[in-house]
Number of protein chains: 2
Amino acid sequence: MTSGPGREPSKAVTRPDAGTMAEIAEATGFSISTVSRALNRPELVAENTRKKVLKVADELSFHPNRAASGLRSGSHRCLALLVGDISQPWYSMIAKSVDTVCAEHSFALQLKSFGHDQAKALSYLARIPYEGVDGIIINTGDDLGSPEIRAQLARIAERGIHVVTIGQTIPGLDVPTILYDDYCGAEEATAHLVEDWGVPLVFLGAIRGSVPAENRWQGFSSVVRRHGQADGIRIVTDGYDYKAGYSAMSAHLRVGPWPKGVLASNDQLAVGAIRAITDLGGTVGTDIAVVGFGDLDFAPYLVPPLSSVSGSVQEIAGAATNRLISLVKGEAQGNAMPPITVPRKLVIRESSQPPPSAGTADWEKPGERHQREGANP
Amino acid sequence: MTSGPGREPSKAVTRPDAGTMAEIAEATGFSISTVSRALNRPELVAENTRKKVLKVADELSFHPNRAASGLRSGSHRCLALLVGDISQPWYSMIAKSVDTVCAEHSFALQLKSFGHDQAKALSYLARIPYEGVDGIIINTGDDLGSPEIRAQLARIAERGIHVVTIGQTIPGLDVPTILYDDYCGAEEATAHLVEDWGVPLVFLGAIRGSVPAENRWQGFSSVVRRHGQADGIRIVTDGYDYKAGYSAMSAHLRVGPWPKGVLASNDQLAVGAIRAITDLGGTVGTDIAVVGFGDLDFAPYLVPPLSSVSGSVQEIAGAATNRLISLVKGEAQGNAMPPITVPRKLVIRESSQPPPSAGTADWEKPGERHQREGANP
DNA sequence: GGGCCGTGCGCAGTTGGATTT
DNA sequence: CAAATCCAACTGCGCACGGCC
């Protein structure tokens, strides 16, 4: 098989001309290590040689091989994003913002979507230490307090891989966290419903094990309680998608007196609820009010436009990513980062605008609605 | 600083007990290479030693370091997914399916969402050869035919990194592709509209440079032409989101006679269009029909439920990912993979169900609608 | 003398310390 | 001696070779 005195082993076959530091070294006459320093620590290299190296590097459109540089230095310039389910709008918006910030810092991003399946989350976490990842952002509504998850997270932290969470703290693990002020957001929305629509109200969505949903429920019930309604009514849904909202709401409406308003734990549930109400002959925004959480892109464009508790996704995801990158680069200490709480703000649209009885005139003219709407989609 | 005769260099500080092959070797008494063989090529190792190695590996919950093994072997067991915009439902559904298949094969997945920005796409592609990625799945409606993009793709292919595309072929680049039969899907939807609603009809969404949208437009106009309507009317939108559909549809409805029906290039545009029609006093499903493309999760739960041209995302994303993994593993040759075309199927809901004039009785009873609807959400 | 195993090198960089001017 | 550069070791793993029973 040996054919001639060629000095290359088997390399040229698989990846021709990989554009390595060795090539730059050969082209410039410097050693590989000088090339490396010229690129990474310019202050240690003479002005002139640095220029030469950079010039050749540019000509070869050289980028360092992530795997190789990470191997020795321990820094792979790569983050991981672990989310409940990337196909849900909320998580995909988070992913977009995280990806954007990563790209700005020329970090790569690994995606791990565990479909709200604890076992899958666990297996993803177990592999993290070997993935060549410097840090991980965790965002899910699911409860991460289980001993197995916490054990894996401890292992990860032990290996020097940094962790940042969005939306919930993990008991026993002291990592930077970005939170929404869901409690206050729910309070504001509930106050609006009580004042403009009255009681009873129902809360849609608090299944067990969801941390943000629990906060929203607490905010809701605190306001309801203040108005003499015990804790308020809680409709437990089987999941967080459109269908879950539809099913749970339908079931509730069929068996008892209708509430005056609904606060849903996210916009998908709200959409399902609106459909259920409509199906049963109700008119949302007239007979009954619906408010969602998240203020997804589609909220202003639904029929009727959906009121929702908004919050800047960019802000929350950007903050998380920037913090993680700071940690990874060693520019900051995790315990020196106070938790951030991002405010929520209620956006009122037709699905919960005060009913005709309490409202003003010109309410029926469709042309005008658009005017009002244009302001805050 | 040197305190005592400790024999470790500086390792223990940064990442204590990394769980390497060296540790397994030490624990079992075998050499590192034997451990490696026991794990990767069991047939070359004695039954007994293999068992011992596997046992210890399991106890240490050992996984090979991706960076290191990829460095030497050239296979990183990692794919990249390049999408137009991960925050759009379509792409996030694709991402979910791709992630799932990757996890099944214990491949990692890098996410690159370029926000429909050609420059960003280009910079992502330029870095691909250095990211430690074995292959890349490209899915976007944007036209990838530009010379710069094609040059980068050629470089990528040259490095032995495999490419698979979803939704469009790239001229001059012979890579496996999975397509939807958008042309036929549009034909079916348009035929339905013509027969049940009549003409004129409008097509919403064909901005320049979107390949699937172009196919949908062609399918639409071929049917319309057959009914003596020249090419049909095409409303060009400024993007693909809810807002674009709303703006374009509003503008169109204000200036001319209303069409009998609308075929939108995706469901987001359809939602925007429905809102525009409603705002201007129309009733979707009675005065005018709307059909979308994609059949997103929310379609059955909108008011009115949205007709849409569906197609299995799992099928398309799964096929693409499996093909790419086959290529990477060397189990197949790219040119031996015929293009797959996944069928589309029209799902009719209330937004385009035949109008009262042509329909039967009991059409107004809301309770009944749900019955009809329950069949196919 | 053919299974079984260890040695040594290479992958593409990074880094501490030695070497050169 | 200080600035600039180089040498050699090292990262975790895979593979060709060769040695040993």
Side-chain angles (χ1 to χ4, degrees), chain A residues 1-2 7-12 14-15 17-26 28-53 57 60 62-77 129-132 159-160, chain B residues 1-2 8-15 17-26 28-53 57 60 62-77 129-132 159-160:
Chain A
M1 293 297 178
T2 61
R7 67 189 198 288
E8 48 245 85
S10 66
K11 168 186 165 185
T14 52
R15 78 193 97 69
D17 292 333
T20 71
M21 279 195 181
E23 286 178 34
I24 300 180
E26 196 170 357
T28 58
F30 294 106
S31 74
I32 297 181
S33 64
T34 300
V35 173
S36 172
R37 288 200 170 90
L39 263 32
N40 301 321
R41 305 171 44 184
E43 73 280 6
L44 295 182
V45 161
E47 184 65 18
N48 247 342
T49 67
R50 209 199 48 172
K51 276 186 188 167
K52 280 188 204 166
V53 168
L60 274 63
F62 170 85
H63 296 256
N65 179 311
R66 273 217 165 82
S69 80
L71 194 55
R72 179 63 219 255
S73 70
S75 166
H76 300 81
R77 296 190 77 81
Y130 313 95
E131 296 281 19
R159 297 282 168 91
Chain B
M1 290 296 179
T2 59
E8 48 245 85
S10 67
K11 169 185 164 185
V13 184
T14 52
R15 77 192 98 70
D17 293 333
T20 72
M21 281 195 181
E23 284 180 35
I24 302 181
E26 194 170 0
T28 58
F30 295 107
S31 75
I32 297 182
S33 64
T34 300
V35 174
S36 172
R37 269 186 298 244
L39 262 34
N40 302 321
R41 308 176 26 188
E43 71 279 8
L44 296 182
V45 162
E47 184 65 18
N48 247 341
T49 67
R50 209 199 48 169
K51 275 187 187 166
K52 280 187 203 167
V53 168
L60 275 62
F62 170 85
H63 298 257
N65 179 310
R66 257 183 228 275
S69 81
L71 194 55
R72 182 63 224 251
S73 69
S75 166
H76 300 81
R77 296 191 77 80
Y130 313 95
E131 297 282 19
R159 297 282 169 89

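Chain letters run A, B, ... following the sequence lines, proteins first and then strands; every chain starts at 1.
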Test item: A:V53 and A:I24 side chains (from C-beta on) under 4.5 Å apart, heavy atoms: yes
Does the side chain of B:K52 come within less than 4.5 Å of B:F30's, by heavy atoms? yes
Under 4.0 Å between a side-chain N/O of A:N40 and OP1 or OP2 of C:dT14, yes or no? yes
Under 4.0 Å: is that the gap between some side-chain N or O of B:R41 and OP1 or OP2 of D:dC15? yes
A:R41 CZ to A:L44 CG distance, which is reported to the nearest 0.5 Å: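 Reported value, rounded in 0.5 Å steps: 5.0 Å.
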Protein-nucleotide distance ([X], atom [atom1]; [N], atom [atom2]), rounded to Å:
X      : N      : atom1 : atom2 : value
B:E26  : C:dG6  : CD    : C1'   : 16 Å
A:L71  : D:dT11 : CG    : C1'   : 4 Å
A:N65  : C:dG13 : CG    : C1'   : 8 Å
B:M21  : C:dG6  : CE    : P     : 14 Å
B:F62  : D:dC13 : CZ    : P     : 4 Å
B:Y130 : C:dG13 : OH    : P     : 9 Å
B:I32  : D:dC10 : CD1   : P     : 13 Å
B:I24  : D:dC13 : CD1   : C1'   : 12 Å

Donor-acceptor pair, side chain of B:R77 and main chain of B:R66, under 3.5 angstrom: no
So how far off straight is the helix from C:dG2-D:dC21 to C:dT21-D:dA2, going by the axes through five pairs at either end, to 10°?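 The value is 60°.
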Nearest to side-chain heavy atoms of B:S36, which nucleotide of D:dG14, C:dG13, C:dT15: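 Nearest listed nucleotide: D:dG14.
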For [X] against [Y], the heavy-atom pair lying closest together:
X     : Y      : result
B:R50 : B:P42  : CD-CB, 3.5 Å
B:F62 : A:Y130 : CA-OH, 4.2 Å
B:A68 : A:L71  : CB-CD1, 3.6 Å
A:H76 : A:G132 : CB-O, 3.3 Å

Base C:dG13 to side chain A:R72, donor-acceptor N/O within 3.5 Å cut-off: no
Is it the case that the side chains of A:S33 and A:S31 hold a donor-acceptor pair, with the cut-off being a distance below 3.5 Å and no angle test?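 Yes, a side-chain donor-acceptor pair sits under 3.5 Å.
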Dump every N/O contact between nucleotides 2-5 of chain D and the protein below 3.5 Å, one line per pair.
residue, atom, partner, partner atom, Å
D:dT5, OP2, A:A46, N, 3.0
D:dT5, OP2, A:T49, OG1, 3.2

Looking for any heavy atom pair under 4.0 Å, which part of the strands does A:S33 touch: base, sugar-phosphate only, or nothing?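 Base contact.
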